[in-house]
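Written out below as structure tokens is the structure these notes cover.
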Number of protein chains: 4
Amino acid sequence: MDEVRRPGRPRDAATDRAILRAARDVLLRDGYAGLSMEKVAAAAGVGKPTLYRRWSSRVALVGDVVWHSFHAAVPGIGRPGPQAGDGATQQLTTWFRAYASSAGDPRHAAMILALTAAAAESPHDAESLYRHHTRPQYEAIVDCLRSGVESGEFRADADLEAVADALIGSVLYQLLTRTGDAAPQRAEHLLDVLLAGLRPVTRDQPGRAPRD
Amino acid sequence: MDEVRRPGRPRDAATDRAILRAARDVLLRDGYAGLSMEKVAAAAGVGKPTLYRRWSSRVALVGDVVWHSFHAAVPGIGRPGPQAGDGATQQLTTWFRAYASSAGDPRHAAMILALTAAAAESPHDAESLYRHHTRPQYEAIVDCLRSGVESGEFRADADLEAVADALIGSVLYQLLTRTGDAAPQRAEHLLDVLLAGLRPVTRDQPGRAPRD
Amino acid sequence: MDEVRRPGRPRDAATDRAILRAARDVLLRDGYAGLSMEKVAAAAGVGKPTLYRRWSSRVALVGDVVWHSFHAAVPGIGRPGPQAGDGATQQLTTWFRAYASSAGDPRHAAMILALTAAAAESPHDAESLYRHHTRPQYEAIVDCLRSGVESGEFRADADLEAVADALIGSVLYQLLTRTGDAAPQRAEHLLDVLLAGLRPVTRDQPGRAPRD
Amino acid sequence: MDEVRRPGRPRDAATDRAILRAARDVLLRDGYAGLSMEKVAAAAGVGKPTLYRRWSSRVALVGDVVWHSFHAAVPGIGRPGPQAGDGATQQLTTWFRAYASSAGDPRHAAMILALTAAAAESPHDAESLYRHHTRPQYEAIVDCLRSGVESGEFRADADLEAVADALIGSVLYQLLTRTGDAAPQRAEHLLDVLLAGLRPVTRDQPGRAPRD
DNA sequence: ATCTAAACGAGACGGTACGTCACGTCTTTTG
DNA sequence: CAAAAGACGTGACGTACCGTCTCGTTTAGAT
């Protein structure tokens, strides 16, 4: 837990920030394909070894850039809120609106696309990216849904992970194929259908049972 | 309809096939990140200029590879079927099962990921990839849903495009973050929720109205 | 002597001329380094095979271009004149003046340089270029000098080939290292020294004997 | 005089030597036409960028190769000697014999031809090649001749540059059109004529006056 | 106050791949 | 059958980055 004091000159925290800022700028300007370590180093006024000392690869760097950008700009986003009083429906709605509307912001859209590009390019890196950047969010959504089940808001037999995949994937697919501009409206309508589908079954309106 | 006869030696169709086959093999072996024009040319036994004469970029080539692989291997896939007698619910179910199960096949998964990587990497190429490769499928799904609305199977006020985004995006997100192995089961469950959410409203069980 | 009538469509002599003209233009504009078969074919409005059917290589083509340009433009030049009445001294002077002054013309200079480049680049081609393009001229000069020896104008013990090398080489070296602009004046002065050195020895002013 | 220490890792002098050696070998084996940057880089065990970092073009590289080969192998050559006691005639004779005999050595002949090819191919490069590689030698010859004029060994009215052109050009023309094998003998005989032509005029044997 | 070890900028280095140009040969269709 | 058009395998071009490796300099903590 305690930071080990190694001898020699310690790393300059300002350098980390300069690199992250430069990388973010390059990412926004040139996209993931146009982001080279060389360009980032030059833009940050930093030597390449300094860069590699901190991030072992382009993917690792991009991962951190996305993480910082997301959390710095929209702190609440990323996980269903701690607005404890609300019901699960309300929490989910609030979070998904924020998430979808962030897709309409080109700065956030670029980050999501960068992460997607990194993951799609090489399955190996995808695994660690998922573990560090996407899974916490994903699990928070599932937890929220589960609390909804427990509170009786949602059907007990629904596949919560399938719903989470659909929510996140819906936004992702829009960003990949068109822009994120329509995402907020789409989000409302998707919530409309999904929440209806999640509503507990009554006698008159039985849900369609899953097969396995 | 008539193929225009240009002067000069015509291109060798066998060369096209050799290149596509080589590119597909490289894609499966090394992923999108490992696919270089040089490697493809060498594997196809072809000069680089021959390759560039036909595909102006890596993205264009990968797009075609995916298209061919998909249609050659699983002809029916890609669009909701022409099984005319079935209702929209049945058509959609049939198609989505096939689509999700193809995500479990590593060969198809690689193709979808390659397309995703290409689109995520540079928004410019994304637009043309979408137009040529994904939109037809997307529109077929929306058409299928629309016919369901007309036949009274689905609610008239549902956002059909939001549903299509959710279906495709769900599979995509699974592939990106984990594997496609769970996709078939997930697909059943997602259909379960979505179809329930699309069911026309009765007096006793009103649907939640969209906000705008 | 008799032109053999081969079957099939005869070659178009106008095509030859178009190619030679195009090659000459490219040579003047882009130099020997900038002359590619591709460029010549395009400029002549001719297919590459047509070009290769007539000239087997760049060197062969350039050789012909030079030959035609030289003889078309300055018919008398190239060999010591047939002005039969003149003495050898006069013939040599007349020829060398014409030769040196042609080096001042950029069009001729380019031709000489092209020939030089071709010869210097590959010794193999140099041999055939020499045989076809330079040797006749060279031998005419030596013959002229020999006639001067026979008429008593020049020393009998002089190495006539050494003199011919010096005359031609002098102009060549000027073209290679500077321009040919100064060549005409230089030529006068070189003739002055060489003719003095070739003058038959008198008792009072013995020539320096060669060693072998 | 002091070597400026630029920041960053300094260039490896051994790499320069390896490249020059490799380039020389390729030049001797394949001639100027067969020398590609790619081949040189491979032969030197060096990446192409390393090569281009030091020499911006094939011409520049060949120029340096020639310069090094000449000076490494035959230090005295290249300029009339500092054998101070000798008269100008002796100096000139000594230098020209060495120069002509070097043309008989295939290794030197290849270097001279390479330089010639480079210069003939593109007039633009020719200028800088002349300035760096040939002019110093040329001026040394003219200086030697001038000192001969001052000492009374040579005529005051002779065009010394014309003589220098003839000496160098004579060897060059031999190399281009035949081999350099005959150059040493030819050199003796050319010196014989030229020195005779340069001898100061006496009353009985007036020199032929130049025209302008 | 000195020592020491790491961080730092700069940039050289062996590589791989880029996308283009020209090579010389080969198939086509058209005249 | 020649000619134009152009595809083809090959190979070199000159450039961009890769990730690693020296360099000489700076900078903090330990002595």
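Naming convention: chains lettered A, B, ... in sequence-line order (proteins, then strands); numbering from 1 in each chain.
Checking D:Ser36 against A:Lys39, the closest nucleotide of DNA chain F that is more toward the 5' end is the one next to D:Ser36. Along DNA chain F, the nucleotide closest to D:Ser56 and the one closest to B:Arg54 are compared, and the more 5′ of them pairs with B:Arg54. Remark on DNA chain E: of its neighbouring residues A:Gly47 and B:Leu35, the 5'-side contact belongs to A:Gly47, judged by nearest-heavy-atom nucleotide. The residue among C:Gly34 and D:Arg11 whose nearest nucleotide of DNA chain E lies closer to the 5′ end is D:Arg11.
Taking 4.5 Å as the limit, some side-chain heavy atom of B:Glu121 sits within range of a side-chain heavy atom of A:Glu121. Residues C:Val66 and C:Ile112 have side chains not in contact (no heavy-atom distance under 4.5 Å, counting atoms from C-beta outward).
The side chain of B:Lys48 lies closest to E:dG19 when the candidates are E:dG19, F:dA28, E:dA12. Considering only the side chain of A:Met37, F:dG19 comes nearest among F:dG19, E:dA17, E:dC26. Residue C:Pro49 places its side chain closer to F:dA5 than to any other of F:dC18, E:dA22, F:dA5. Here the side chain of B:Asp12 is nearest to one of E:dC8, E:dA10, F:dC8, namely F:dC8. Here F:dC8 is the nucleotide among F:dC8, F:dG19, E:dC13 with the atom lying nearest to any side-chain atom of B:Arg9.
Computed from coordinates, the A:Glu38 CD to E:dC18 P distance equals 17 Å when rounded to whole Å. Between the OH atom of C:Tyr52 and the C1' atom of F:dA3 there is a distance of 17 Å, rounded to whole Å. Nucleotide E:dT25 holds its C1' atom 14 Å from the CG atom of C:Leu51, rounded to whole Å. Computed from coordinates, the D:Leu61 CG to F:dA12 P distance equals 15 Å when rounded to whole Å. At whole-Å resolution of the value, CG in D:Asp16 and P in E:dA12 are 12 Å apart. Between the C1' atom of E:dC8 and the CD1 atom of A:Ile19 lies a distance of 11 Å, rounded to the nearest Å. One can place CZ of A:Arg17 at 13 Å from P of E:dC8, the figure rounded to the nearest angstrom.
Nucleic acid contact class of C:Thr15 (heavy atoms, under 4.0 Å, all strands): none. D:Ser57 comes within 4.0 angstrom of nothing in the nucleic acid, heavy atoms only.
Among pairs with a residue in residues 39-55 of chain A, those fulfilling side-chain hydrogen bond (donor to acceptor under 3.5 Å, both in side chains) read A:Asp16-A:Arg54, A:Asp30-A:Lys39, A:Glu38-A:Lys48, A:Trp55-A:Asp64, at least two apart in sequence or across chains.
Distances shorter than 4.0 Å separate some side-chain N or O of C:Thr50 from OP1 or OP2 on F:dA4. For E:dC8, the OP1/OP2 oxygens have a side-chain nitrogen or oxygen of A:Arg53 closer than 4.0 Å.
In this structure, CG on C:Leu176 lies 10.5 Å from CG on D:Leu129, to the nearest 0.5 angstrom.
Formation of a donor-acceptor pair under 3.5 Å by the A:Arg58 side chain with backbone atoms of A:Tyr32 is found in this model.
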